[in-house]
Amino acid sequence: MTLRVYNTMSGKKEEFQSLVPGKVGMYVCGVTVYDYCHIGHARANIVFDIVYRYLQYRNYDVTYVRNYTDVDDKIIARANERGITSQELSEEFIRAFDEDMAALGLRKPTHEPKATEHIAQIITLVEKLIDKGLAYESAGDVYYIVDKFPSYLKLSKRNMEEMQAGARITPGEQKRNPMDFALWKAAKPGEPSWASPWGAGRPGWHIECSAMSSTLLGTTFDIHGGGRDLIFPHHENEIAQSEGASGKLFVKYWLHNGFVNVNQEKMSKSLGNFFTIRDILKSYDPEIVRFFILTAHYRSPIDFSDQNLEESRIGLSRFYEALAQLDKVLAKADTNAEQGGLSDALAEPIERLVQLEERFRSAMDDDFNTALAIGHMFDAVRALNRILAEENNLNGQLQAILGKGRDDLLRLGDVLGLFGSEPAAWLARSAQEGLADAGLSEADIETLIVERRDARANRDFARADQIRDELLAKGVLLLDSPEGTTWKMK
RNA sequence: GGCCCCGUCGCCAAGUGGUAAGGCAGAGGUCUGCAAAAUCUCCAUCACCAGUUCGAAUCUGGUCGGGGCCUCCA
């Protein structure tokens, strides 16, 4: 089986073949650290976290680089507003970013470079572009001459003439051609700056990614990722810079994730309709957010709403319910049970479990189809539940099947960053949520459970049902089992 | 205006030529004192029209509807 990935450059799914067998170099554009991250950032980072994890699962030795853009107009503007330095501001939001990503359960990239730590490489790269006649200095700024790069716009598949018609030179820029973009910007008073052959200044936005990727991954590497909105101009400009300087292919596979929409409209800072990760995590478990994002294909748009997150919560709890049940049943199973045979009725679910990993791989191999992969895992849950219904005559063979099924589910779940919590604990946490809203304490519920238990013991079902109904009215569901009564929020 | 994407069951969502995964919701059965969970059964011909093909949700053309990029943006 081969991995196929959709390459924005070709517009097709292509067979993935890394430059060096067994190794993958991957660069993903990180965030500009001037504010808290929103759910759109969460999606992009989770998507590439999955790419990272899946490649590792496929036994690739992956070098994953994700940068921090810590020098930029917006950072400067925001720092000025708050009366702190750009560095103070960016450090604050780098910390916030790290916290958010950790909360969402992302694996740490191999390298997380900062633009300001690569000024020397940036300057070297700009000099090289000037030497090659691809860039010019103008009043302390340096611009890239897009006309000199023939394949400019090959990624976004645009047309230079039409682009030029709409392009503008913003006041203060010293461009010869409106399409030229800044590699280096002369420092204005009060801005952070570094010495350069063109005077004090700072890097333009695009050049840092070219400099950092070549430093950490080499001139040519396998995968470059980012949100769709980065295709133009950011990635187009990276190509012009990197290929212009090296004369070699920059990136083999370009991967771009789709947007998060709100009410069918793109969510973005400029539209002001965004939700920050930290706000969302006040109401939803991080794993629910991850699950929600992975239930759609990474290139499709997804609509962010409470209803959709709520559905994800219910879907995820189906997995945890099954895992918890599995733990319980296996813990008390008679380990001395004889091997025994398998009834025909269980042939289908057992077959499902046997096929799980292969189906999972086949889904993920098809351009990281997490939605399909999760569908297969739901199938496995149903199969496990069906076998679990044989709880009372679990022979040794069935125990082994259940054990392996659980291990597979957890192992494959981990590739998606899911099911990492202890099932009983996750369910307990889930039960706690909403308790305050219902105006109840755990102790109140326990008291009523005891009262109801006594009523049931006396076969006073009227009183028992009254307690059940009263709690249900407040959103608390009582669950009876041979081991006693527990509860959860509806 | 230019370029591009999308329109699949009440909702979410897979599926790029071979006869519609999965989840939620809903109906009925089993289990349960009653419930819940679980399980079983049922529940879509793919916006519309016209083509290509033995065969199309999947290809082509058109219509309608939604969205994105072209300026900072994951």
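Below, chains carry the letters A, B, ... as their sequence lines are ordered, and counting in each starts from 1.
- A salt bridge (charged side-chain N to carboxylate O under 4.0 Å, His left out) check over residues 303-316 of chain A, counting only residues at least two apart or in different chains, returns the pairs A:Glu310-A:Arg313.
- Under 4.0 Å is where a charged nitrogen must lie from a carboxylate oxygen, and between A:Asp365 and A:Arg4 no such pair does.
- The interatomic distance linking A:Glu311 (CD) with B:rG22 (P) rounds to 16 Å, in whole Å.
- Inspection of the A:Ser210 and A:Glu238 side chains reveals no N or O donor paired with an N or O acceptor under 3.5 Å.
- Salt bridge A:Lys175/A:Asp141: absent, no basic N to carboxylate O contact under 4.0 Å.
- Comparing A:Lys13 and A:Cys29 by the nucleotide of RNA chain B that holds the closest heavy atom to each, the one mapping nearer the 5' end is A:Lys13.
- Nucleotides B:rU60 and B:rC72, compared at atom P, are 34 Å apart to the nearest Å.
- Among residues two or more places apart in sequence or in another chain, the side-chain hydrogen bond (donor to acceptor under 3.5 Å, both in side chains) test is passed with A:Asp460 by none.
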Please enumerate all protein N or O atoms sitting under 3.5 Å from an N or O of nucleotides 65-69 of chain B, with distances to 0.1 Å.
residue: B:rC69; atom: OP1; partner: A:Lys266; partner atom: NZ; Å: 2.7
residue: B:rC69; atom: O2'; partner: A:Arg158; partner atom: NH2; Å: 2.4
residue: B:rC69; atom: O2; partner: A:Arg158; partner atom: NH1; Å: 3.4

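- Remark: A:Lys328 engages A:Glu483 in a salt bridge, criterion side-chain N to carboxylate O under 4.0 Å.
- Judged by ring centres under 5.5 Å apart and planes tilted less than 30 degrees, A:Phe461 stacks against the six-membered base ring of B:rG33.
- When both distances must be under 3.5 Å, the Watson-Crick or G-U wobble mate of B:rA38 is B:rU30.
- Within the nucleic acid shown, A:Asn257 comes within 4.0 Å of at least one base atom, counting heavy atoms only.
- Side-chain atoms of A:Thr276 and A:His38 include no donor-acceptor pair closer than 3.5 Å.
- Nucleic acid contact for A:Leu372: base, since at least one base atom lies under 4.0 Å from a heavy atom of the residue.
- Within the nucleic acid shown, A:Gln307 comes within 4.0 Å of sugar-phosphate atoms alone, with no base atom in reach, counting heavy atoms only.
- For A:Ala296, counting side-chain heavy atoms from C-beta on, the closest listed nucleotide (B:rA74, B:rC72, B:rA14) is B:rA14.
- As judged by a 4.0 angstrom heavy-atom cut-off over every strand, A:Val47 is placed among residues making no nucleic acid contact.
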Below 3.5 Å, can you tabulate the donor-acceptor pairs from side chains in residues 375-385 of chain A to any protein atom, sequence neighbours excluded?
residue: A:Asp379; atom: OD2; partner: A:Arg352; partner atom: NH1; Å: 3.4
residue: A:Asp379; atom: OD2; partner: A:Arg359; partner atom: NH1; Å: 3.3
residue: A:Asn385; atom: ND2; partner: A:Val381; partner atom: O; Å: 3.4

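- A:Gly225 comes within 4.0 angstrom of no nucleic acid atom, judged by non-hydrogen atoms across all strands.
- A donor-acceptor contact under 3.5 angstrom links the side-chain atoms of A:Lys74 to the base of B:rC72.
- When heavy atoms are screened at a 4.0 angstrom cut-off, A:Gly40 is found touching base atoms of the nucleic acid.
- At a threshold of 4.0 angstrom between heavy atoms, the contacts of A:His234 with the nucleic acid are absent.
- Checked for salt-bridge contact, A:Arg82 and A:Glu92 meet the test: a charged N lies under 4.0 Å from a carboxylate O.
- Between A:Ser300 and B:rA14 there is a side-chain polar atom (N or O) within less than 4.0 angstrom of OP1 or OP2.
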Enumerate the protein-to-nucleotides 34-38 of chain B contacts in which both atoms are nitrogen or oxygen and the separation is below 3.5 Å.
residue: B:rC34; atom: O2; partner: A:Asp465; partner atom: OD1; Å: 3.4
residue: B:rC34; atom: O2; partner: A:Arg468; partner atom: NE; Å: 3.1
residue: B:rC34; atom: N3; partner: A:Arg468; partner atom: NH2; Å: 2.6
residue: B:rC34; atom: N4; partner: A:Arg468; partner atom: NH2; Å: 3.3
residue: B:rC34; atom: N4; partner: A:Asp480; partner atom: OD2; Å: 2.6
residue: B:rA35; atom: N6; partner: A:Asp480; partner atom: O; Å: 3.3
residue: B:rA35; atom: N1; partner: A:Asp480; partner atom: N; Å: 2.9
residue: B:rA35; atom: N3; partner: A:Arg468; partner atom: NH1; Å: 3.3
residue: B:rA35; atom: N3; partner: A:Arg468; partner atom: NH2; Å: 3.3
residue: B:rA38; atom: OP1; partner: A:Arg318; partner atom: NH1; Å: 3.2
residue: B:rA38; atom: O3'; partner: A:Asn385; partner atom: ND2; Å: 3.0

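- Applying the salt bridge (Lys or Arg N to Asp or Glu O under 4.0 Å) test to A:Asp49 and every residue at least two apart in sequence or in another chain returns A:Arg53, A:Arg290.
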